[in-house]
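Computed from a predicted model, the values in this text were never measured in an experiment.
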Amino acid sequence: LKIFLGIKFQQIFGNKLTYKVFKFLKLKNNDEIELISEFLLKKSQNGIMLDVGAQIGNSFNTLASHGWKVFSFEPNPACLDVLKRRASLFKGNVKVYQYGISNKNKNSIDFYTAEKKLGISSLHNFHPDHKTKNKIDLKSLEWFLKEHEIKLVNFLKIDTEGHDIFVLQGIDWSFCNIEVIVCEYE
């Protein structure tokens, strides 16, 4: 199990080294998701990615365009139209699920959003602009992986604005092997 916890590449290695690495790899953005995607593509041309907290689908482009299966989870209704349109570009490789991921299956849980800050939607009320606008359902990855008989995940990306530990607690590690995990935070 390789774990890349959500410290941005630049914060670890500095801007100068980050620029050199991304230039060497011919990557467009200084983005750890793109770096990891390129690394995984060198290892395997067909894999499975779980994108937890997908927002509008920016994280899965590289892998989905190379034929990877992507399971994308986003409970925020404000993101779903764009996310579904983007997913449709990949000929069925990307599936979108409109529920949150946590450590337990639960129904009708408060979900906090901020009108002008789409990227800070969360199950946790941590920002002054947060409003409870929606109720969402939650599923555990244990339930999802068993339901879909997935025993190997090559890449698990988690961007859940403070709910990451609960996502990880919802995995049955004896059932599924996960090769790379990224937990993003700002």
Side-chain angles (χ1 to χ4, degrees), residues 1 3-12 29-37 48-61 63-64 70-87 94-148 150 153 155-173 175-176 178 180-186:
L1 175 65
I3 299 178
F4 294 84
L5 292 177
I7 301 171
K8 293 212 176 277
F9 196 85
Q10 294 107 313
Q11 292 171 328
I12 298 172
N29 302 312
N30 288 359
D31 182 79
E32 68 275 6
I33 301 298
E34 187 177 353
L35 176 67
I36 291 165
S37 296
I48 293 177
M49 175 188 187
L50 302 181
D51 189 355
V52 178
Q55 197 186 38
I56 59 170
N58 290 332
S59 296
F60 60 67
N61 288 332
L63 294 173
V70 177
F71 299 94
S72 175
F73 306 93
E74 179 55 56
N76 189 349
C79 298
L80 286 171
D81 286 341
V82 174
L83 178 59
K84 287 178 180 178
R85 275 198 309 270
R86 181 168 279 160
V94 179
K95 305 280 188 224
V96 175
Y97 298 89
Q98 187 180 353
Y99 48 79
I101 299 295
S102 191
N103 56 345
K104 296 180 176 143
N105 294 355
K106 297 179 184 173
N107 295 323
S108 196
I109 303 300
D110 286 339
F111 187 69
Y112 300 94
T113 59
E115 264 186 54
K116 296 182 182 182
K117 297 177 181 156
L118 196 59
I120 65 167
S121 300
S122 178
L123 288 162
H124 305 279
N125 185 4
F126 65 84
H127 195 277
D129 292 344
H130 272 155
K131 306 276 186 268
T132 306
K133 191 171 184 179
N134 302 302
K135 299 269 190 191
I136 66 165
D137 293 338
L138 299 174
K139 305 287 185 193
S140 71
L141 282 180
E142 176 179 349
W143 173 85
F144 181 84
L145 295 168
K146 288 179 178 177
E147 184 75 14
H148 294 274
I150 298 170
V153 173
F155 185 22
L156 168 59
K157 185 227 85 183
I158 304 170
D159 189 357
T160 56
E161 301 302 317
H163 202 72
D164 311 49
I165 192 69
F166 299 98
V167 173
L168 293 170
Q169 288 172 345
I171 298 170
D172 178 353
W173 299 97
F175 178 80
C176 182
I178 301 176
V180 177
I181 298 171
V182 172
C183 296
E184 289 199 42
Y185 68 92
E186 300 296 323

Taking Asn107 for its side chain and Asp137 for its backbone only, find out whether a donor-acceptor pair lies under 3.5 Å.
no

Could you tell me whether the side chain of Thr160 reaches within less than 4.5 Å of the side chain of Leu123, counting heavy atoms only?
no

Taking Asn103 for its side chain and Val167 for its backbone only, find out whether a donor-acceptor pair lies under 3.5 Å.
no

N/O donor-acceptor pair under 3.5 Å between Ser122 side chain and Glu161 backbone:
yes

Could you give me the CA-CA distance, side-chain angles and deciding distance for Asn76 and Ser121, then say whether side chain to side chain donor-acceptor pair (under 3.5 Å) is met?
CA-CA 7 Å; Asn76 189 349; Ser121 300; 2.8 Å; yes

In chain order, what residues pass the salt bridge (charged side-chain N to carboxylate O under 4.0 Å, His left out) check against Lys146, with sequence neighbours excluded?
Glu142, Asp172

To the nearest 0.5 Å, atom NZ of Lys131 lies from atom CD of Glu115 at 8.5 Å

With side chains defined as the heavy atoms from C-beta onward, is the minimum distance between Ile178 and Leu50 less than 4.5 Å?
no

Can you tell if the side chain of Ile120 reaches within under 4.5 Å of the side chain of Tyr112, non-hydrogen atoms only?
no

Aromatic plane relationship, Tyr99 with Phe73 - under 30° parallel, 30 to 60° tilted, over 60° perpendicular
tilted

Work out which heavy atom in Pro75 is nearest to a heavy atom in Gly100; give both atom names and the distance.
CB-N, 3.8 Å

Let me confirm one number: the CG-CD1 distance from Asn134 to Ile109, rounded to the nearest 0.5 Å.
13.0 Å

Salt bridge (Lys or Arg N to Asp or Glu O under 4.0 Å) partners of residues 100-113, not counting sequence neighbours, each pair once:
Asp110-Lys135

Is there a side-chain contact between Lys157 and Ile36 in this structure, where contact means two heavy atoms from C-beta onward sitting under 4.5 Å apart?
no

Would you call the rings of His127 and His130 parallel, tilted or perpendicular, where under 30° means parallel and over 60° means perpendicular?
perpendicular

All heavy atoms of Ser72 vs all of Ala54, minimum pair found to be OG-CB, 3.0 Å

Rounded to the nearest 0.5 Å, what separates atom CH2 in Trp143 from atom CG in Leu138?
12.0 Å

To the nearest 0.5 Å, what is the distance between CD1 (Ile181) and CD1 (Ile171)?
5.5 Å

Distance-only donor-acceptor pairs under 3.5 Å for side chains of residues 77-87, two or more places apart:
from  : atom 1 : to    : atom 2 : distance (Å)
Arg86 : NH1    : Ile56 : O      : 3.0
Arg86 : NH1    : Asn58 : OD1    : 2.5

Going from CD1 on Ile101 to CZ on Phe166, what distance comes out if it is rounded to the nearest 0.5 angstrom?
14.5 Å

Relative to each other, are the rings of His124 and His163 parallel, tilted or perpendicular (30° and 60° limits)?
tilted

Give the minimum heavy-atom separation between Cys176 and Ile150, together with the two atoms involved.
SG-O, 3.8 Å

Closest heavy-atom pair, Val70 versus Ala64, reported as atoms and distance to 0.1 Å, is CG2-CB, 4.1 Å

What distance do Gln55 atom CD and Asp159 atom CG have between them, rounded to the nearest 0.5 Å?
7.5 Å

Is there side-chain contact between Leu168 and Cys183, with at least one heavy-atom pair below 4.5 Å?
yes

Under 30°, 30 to 60°, or over 60°: which ring-plane class applies to Phe144 and Phe71, parallel, tilted or perpendicular?
perpendicular

